[in-house]
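Below: the structure, in structure tokens.
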Amino acid sequence: MDIPLYYQEIFKSYTQNLLKQLTSTCKICNGVGYQVLENDMFRDCECTKKFHQLKKYTNCGINVKHIGREMKWFKDEFTEESYNKLKEIEANLNDVLKVNFLIYPANNNMWGASHIGNQIIKFCIDQKKRCAVASAKNVMDLFFSWDKPELQECMEYLQWVDVLLIDEFGTEYNTKMKDNKSYVANSFNGFVMERKRLNKPTIIASNFQAAYLKETYATEIQNVIFSNFVGLRINSKTRKKTEFDGLEVKLKKPELKGCFDDLNSIDIKDKQRKGMF
């Protein structure tokens with residue numbers, strides 16, 4: 001299925017920003033993107049060659065800020081455990097993609113889920129898988145686009161890609177969602193289950209703890225995730241203060257491969273409920 005025009009325009013801007021970023025900082029060609037040879041011949045500069053190598057990522061919806069992250073960067077920014085999880089995913093990608101998973105921080109003031117999620121999508125693109133990255137806000141807005149054929153085409157596109165990353169999950173809450181929680185929950189459930197039926201993995205990246213999903217959306221959406229996703233808990237080396245500090249969770253030992261946690265094992269302190277909540 002071709003990329004809808006709506007996404008083509010978004011991805012095109014990412015690709016243009018990538019070219020601008022690479023050429024504007026190049027000291028070899030001084031931003032023109034090519035070198036002049038003898039006899040008025042031209043040759044692509046190294047920055048342009050690098051652009052042609054990297055644009056396959058922006059063409060799938062990866063924002064420029066996630067381009068060029070080498071694995072050494074992840075080793076420097078994340079704990080050894082989280083870095084090893086990412087390495088395990090890279091080495092066993094096809095096995096990992098047999099499940100849906102939620103990437104979330106170990107603590108509320110940790111960060112980096114988007115970076116990890118986009119890096120996994122880059123692994124997938126390198127293996128020639130058809131991928132897409134869409135913000136959670138965009139996905140949720142698509143549920144209200146029944147009267148806009150061009151946006152319904154976007155929903156079909158996200159439904160059929162081999163691997164989908166829903167990024168920035170939990171940050172797009174708005175009045176429309178608050179007033180239509182049941183509709184959003186049912187639409188999200190149908191969307192996820194259809195991808196699951198097609199054996200197409202869905203990855204969600206959230207910079208909030210898994211326990212916070214109920215507060216952001218609705219119990220139904222939380223139940224969809226806890227029933228159909230496993231957890232990828234990450235831990236960055238640095239912390240960022242957030243308004244959600246203080247909500248603590250306790251997780252049991254991971255049971256599904258070394259890189260995954262069991263979301264159903266989450267037990268919120270001071271709330272005496274078993275299983276899902």
Side-chain angles (χ1 to χ4, degrees), residues 21 57 61-93 96-97 99-126 131 133-137 163 165-173 201-216 222 225-226 229-263 265-269:
Q21 185 180 88
Y57 301 129
I62 296 180
N63 197 295
V64 176
K65 67 182 179 181
H66 297 297
I67 304 297
R69 301 285 194 201
E70 303 294 341
M71 287 298 286
K72 181 182 182 304
W73 182 86
F74 288 91
K75 187 173 185 179
D76 293 339
E77 295 292 334
F78 293 87
T79 62
E80 181 178 2
E81 179 187 17
S82 295
Y83 174 73
N84 288 337
K85 287 181 179 182
L86 186 59
K87 290 290 291 182
E88 182 179 358
I89 289 173
E90 182 182 23
N92 302 279
L93 188 62
V96 169
L97 294 179
V99 297
N100 299 322
F101 54 95
L102 169 74
I103 308 171
Y104 66 102
N107 296 296
N108 281 322
N109 51 3
M110 293 299 179
W111 62 279
S114 289
H115 291 289
I116 296 290
N118 280 273
Q119 187 69 8
I120 293 172
I121 292 297
K122 286 159 68 178
F123 295 156
C124 296
I125 294 172
D126 289 343
C131 304
V133 178
S135 69
K137 180 182 187 306
V163 187
L165 170 64
I166 302 178
D167 204 359
E168 301 175 346
F169 201 76
T171 62
E172 74 291 350
Y173 191 66
T202 303
I203 304 170
I204 292 177
S206 174
N207 277 329
F208 302 125
Q209 286 180 286
Y212 183 69
L213 293 177
K214 179 181 177 182
E215 303 299 326
T216 305
Q222 186 190 54
I225 293 176
F226 278 44
F229 288 70
V230 293
L232 175 59
R233 181 180 56 171
I234 60 171
N235 216 332
S236 55
K237 290 181 179 178
T238 57
R239 294 171 176 263
K240 293 184 178 181
K241 187 73 174 178
T242 76
E243 61 183 298
F244 306 108
D245 289 355
L247 180 63
E248 299 180 359
V249 297
K250 181 180 179 182
L251 298 175
K252 296 179 181 178
K253 185 177 180 180
E255 298 175 0
L256 179 61
K257 294 182 68 68
C259 56
F260 289 127
D261 308 290
D262 180 6
L263 284 176
S265 69
I266 289 182
D267 174 32
I268 300 184
K269 295 180 180 180

Ignoring hydrogens and angles, tell me if any N or O in the side chain of Lys237 forms a donor-acceptor pair with the backbone of Glu80 under 3.5 Å.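 Checking the backbone N and O of Glu80 against the side chain of Lys237, no donor-acceptor pair under 3.5 Å is found.
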Looking at Asn235 and Ser82, would you say the former's side chain and the latter's main chain have a donor-acceptor pair under 3.5 Å?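 No.
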Which residues pass the side chain to side chain donor-acceptor pair (under 3.5 Å) test with [X], not counting sequence neighbours?
{"X": "Gln119", "result": "Lys122"}
{"X": "Ser135", "result": "none"}
{"X": "Ser206", "result": "none"}

With Tyr57, which residues qualify under ring-ring contact (aromatic ring centres under 6.0 Å, His included), at least two apart?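 So Tyr57 forms no ring-ring contact (aromatic ring centres under 6.0 Å, His included) with any residue.
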The criterion is ring-ring contact (aromatic ring centres under 6.0 Å, His included); which residues satisfy it with His115, sequence neighbours excluded?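 Only His66, Trp73, Trp111 meet the ring-ring contact (aromatic ring centres under 6.0 Å, His included) criterion with His115.
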Report yes if some heavy atom in the side chain of [X] is under 4.5 Å from a heavy atom in the side chain of [Y]; otherwise report no.
{"X": "Asn84", "Y": "Glu88", "result": "no"}
{"X": "Lys85", "Y": "Ile234", "result": "no"}
{"X": "Val163", "Y": "Phe123", "result": "no"}
{"X": "Ile120", "Y": "Ile103", "result": "yes"}
{"X": "Ser236", "Y": "Glu77", "result": "no"}
{"X": "Ile116", "Y": "Phe74", "result": "yes"}

Hey, are Asp167 and Asn118 close enough side-chain-wise for a donor-acceptor pair under 3.5 Å?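 Side chains of Asn118 and Asp167: pair found under 3.5 Å.
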Using the rule given for side chain to side chain contact (heavy atoms under 4.5 Å, CB included), can you reason through Ile89 versus Leu232, listing the C-alpha separation, both sets of side-chain angles and the distance that settles it, and then say yes or no? CA-CA 10 Å; Ile89 289 173; Leu232 175 59; 3.7 Å; yes
Could you work out, with salt bridge (charged side-chain N to carboxylate O under 4.0 Å, His left out) as the rule, every residue matching Glu90, not counting sequence neighbours?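 Salt bridge (charged side-chain N to carboxylate O under 4.0 Å, His left out) check on Glu90 returns Lys87.
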What's the spacing between Leu93 CG and Asp126 CG if we round to 0.5 Å?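 Reported value, rounded in 0.5 Å steps: 9.5 Å.
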Heavy-atom closest pair, residues Ile225 and Ile204: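 Result for this residue pair: CD1-CD1, 4.1 Å.
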Which pair of heavy atoms, one from Cys131 and one from Cys124, lies closest together, and at what distance?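 Shortest heavy-atom separation between Cys131 and Cys124 comes out as SG-CB, 3.4 Å.
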